[in-house]
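Below: the structure, in structure tokens.
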Amino acid sequence: MDFAELYDKFFSKVYNYVRYHVRLAAEADDVTGKVFEAALRGYEGYDAAKGPAQGWLFGIARNAVIDWARNRGRRAEVSLEDAPEPGGSDPQLESALERKEEKALLLEAVAGLDDRARDIIALKFSSGMNNREIAAMTGLGESNVGIIIFRAVKKMQADIEGKRKL
Amino acid sequence: MNEVEQAELFNKELDSLLRDGKSPVFSSDPGALSLAAELARADFSADSLIRESLRERLAGQPGLLESLRALFANNYARAALAAAVLVIALLPLARRHEVAAPGPAATAARPPQAPVHAPALARSAVPPLPPLPAAPAAAVSAGAGGLFASIPMGRLEGVAIKNFPITPAGSGLPMVLAAGREVKLENGSGIVFETGGAVFTLERKVISHDDIFERRVL
């Protein structure tokens with residue numbers, strides 16, 4: 001697999017992983033760009049015999065997200081993009097807005113998790129790695145990863161249901 | 001059913017959902033699994049504004065190996081690189097030869113150096129050589145066509161200097177060498193010049209460091 005194939009195959013997954021951590025789209029673009037730049041620099045040294053490309057790539061993505069979180073400081077994250085948009089009478093537009101709101105709800109629910117649970121949920125639903133691979137990457141036990149996923153999904157479910165009732 | 005068992009069952013159903021894309025008909029926790037299915041379907045990458053531009057930018061940045069491969073595909077660059085490697089490899093040999101046989105013999109054996117033109121260097125794409133160690137003045141004759149040539153000694157010797165090339169301020173008259181005689185001095189010799197306005201001595205003697213440097217103890 002050459003780098004262009006790797007990019008095409010994993011761009012969405014890496015972007016989604018980053019987006020679960022970095023809620024602003026522009027910042028997620030920035031971090032994703034850094035992930036693939038670092039991946040390109042290290043691609044010649046990547047040994048497929050040592051493991052699948054996704055594990056290697058998501059390892060880079062995790063480090064990029066950690067760096068981003070470290071550098072973020074305490075500045076407020078406010079973006080017009082995240083503000084609710086006014087409703088329209090166009091059914092297609094309304095449907096698009098609903099989908100956008102659903103996505104925003106999901107991101108909000110993920111953001112409500114603690115750092116470790118958020119990282120595991122992001123890996124589980126973006127990378128395509130199973131619990132064993134996630135456990136190997138994060139240094140946790142496989143059953144522990146399973147429990148964290150279960151608890152995180154239940155917490156998100158409660159948060160989203162609470163918001164939908166409002 | 002305790003939490004660990006619930007988690008195990010949920011993860012089995014979740015893995016099945018992620019693998020096959022279908023929720024099981026009977027689920028232990030339909031609400032949680034439905035949310036998990038939403039998470040699995042969610043794709044935020046449509047929000048990305050850099051997908052294509054980043055791809056193009058990265059495609060324009062070949063890796064080190066690709067860069068070298070592209071370089072070696074060019075015959076001109078290959079020849080220039082080979083020439084540069086050859087020059088670098090032979091340079092220590094040439095230097096050693098120069099150090100081993102100094103003096104006139106070495107000068108005779110050395111081929112005349114052609115003048116170096118900067119545009120020629122730029123065209124050759126071969127990195128310029130570091131400067132050679134300075135040769136003794138006598139080793140490079142004016143006739144050899146080197147970069148620097150010493151003035152032939154014959155022009156300095158044997159002809160008496162009659163007109164001193166410095167004129168005293170205001171007089172407008174050249175200083176005239178009236179007489180020059182060699183005298184013995186302490187630790188050497190000297191020549192006494194008598195000019196139209198003054199008498200002075202040029203000394204030639206062996207000196208030590210202490211004659212020109214002040215010695216201090218730190």
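Here is how names work: the chains are called A, B, and so on, in the same order as the sequence lines, proteins then strands, and each is numbered from 1.
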Checklist entry - Is A/K103 reaching over with its side chain to a backbone N or O of B/D43, donor-acceptor style, under 3.5 angstrom? => result yes

Taking a cut-off of under 4.5 angstrom between non-hydrogen atoms, the residues of residues 142-154 of chain A near chain B are A/G146, A/I147, A/I149, A/F150, A/R151, A/V153, A/K154

Does any part of the side chain of A/K50, heavy atoms only, come nearer than 4.5 Å to the side chain of A/W56, both counted from C-beta? no

Here the gap from A/R118 atom CZ to A/Y20 atom OH, rounded to the nearest 0.5 Å, amounts to 12.5 Å

| message | Run the side-chain contact (heavy atoms from CB on, under 4.5 Å) test on A/R164 and A/L105 for me, step by step, so that the C-alpha distance in whole Å, both residues' side-chain angles and the decisive distance to 0.1 Å come before the verdict. | response | CA-CA 9 Å; A/R164 277 179 183 156; A/L105 265 180; 3.9 Å; yes

The complete set of salt bridge (Lys or Arg N to Asp or Glu O under 4.0 Å) pairs with one or both residues in residues 59-68 of chain A, sequence neighbours excluded, reads A/R62-A/D119, A/D67-A/R70

Bottom line for A/Y7: the part with an atom under 4.5 Å from chain B's heavy atoms is side chain

In this structure, NZ of A/K34 is separated from CG of A/N63 (nearest 0.5 Å) by 13.5 Å

Interface check, chain A: of B/L49, B/L14, B/L39, most non-hydrogen pairs under 4.5 Å belong to B/L39

Output for pair (A/E37 CD, B/L54 CG), nearest 0.5 Å, gives 6.5 Å

The interface call for A/E161 against chain B, heavy-atom contacts under 4.5 Å, is neither

The reported gap from CZ in A/F3 to CG in B/L58 (rounded to nearest 0.5 angstrom) is 5.5 Å

Parallel, tilted or perpendicular: ring planes of A/F11 versus A/Y15, cut at 30 and 60 degrees: parallel

Bottom line for A/V14: the part with an atom under 4.5 Å from chain B's heavy atoms is neither

Applying side-chain hydrogen bond (donor to acceptor under 3.5 Å, both in side chains) to A/T138 and not counting sequence neighbours gives none

Cut-off 4.5 Å, heavy atoms of chain A, and the answer for B/L33 is neither

Among residues 122-132 of chain A, those lying within the under-4.5 Å heavy-atom range of chain B are A/K124, A/F125, A/N131

Here the gap from A/N16 atom CG to B/D47 atom CG, rounded to the nearest 0.5 Å, amounts to 9.0 Å

Cut-off 4.5 Å, heavy atoms of chain A, and the answer for B/E8 is neither

Honestly, the part of B/D15 sitting under 4.5 Å from a heavy atom of chain A is side chain

Scored by heavy-atom pairs under 4.5 Å with chain B, the best of A/L107, A/I160, A/T32, A/I121 is A/L107

Side-chain heavy atoms of A/Y43 within contact of A/L6, under 4.5 Å
yes

Turns out that what part of A/A28 lies under 4.5 Å from chain B's heavy atoms comes down to neither

The reported gap from CD1 in B/I50 to CG in A/D29 (rounded to nearest 0.5 angstrom) is 4.0 Å

Worksheet item: So A/S12 and B/R51, side-chain hydrogen bond (donor to acceptor under 3.5 Å, both in side chains) or not? Walk me through it.
Response: CA-CA 9 Å; A/S12 296; B/R51 186 178 195 135; 3.0 Å; yes

Counting heavy-atom pairs under 4.5 Å with chain A, the top scorer among B/S34, B/A42, B/S53, B/A32 is B/A32

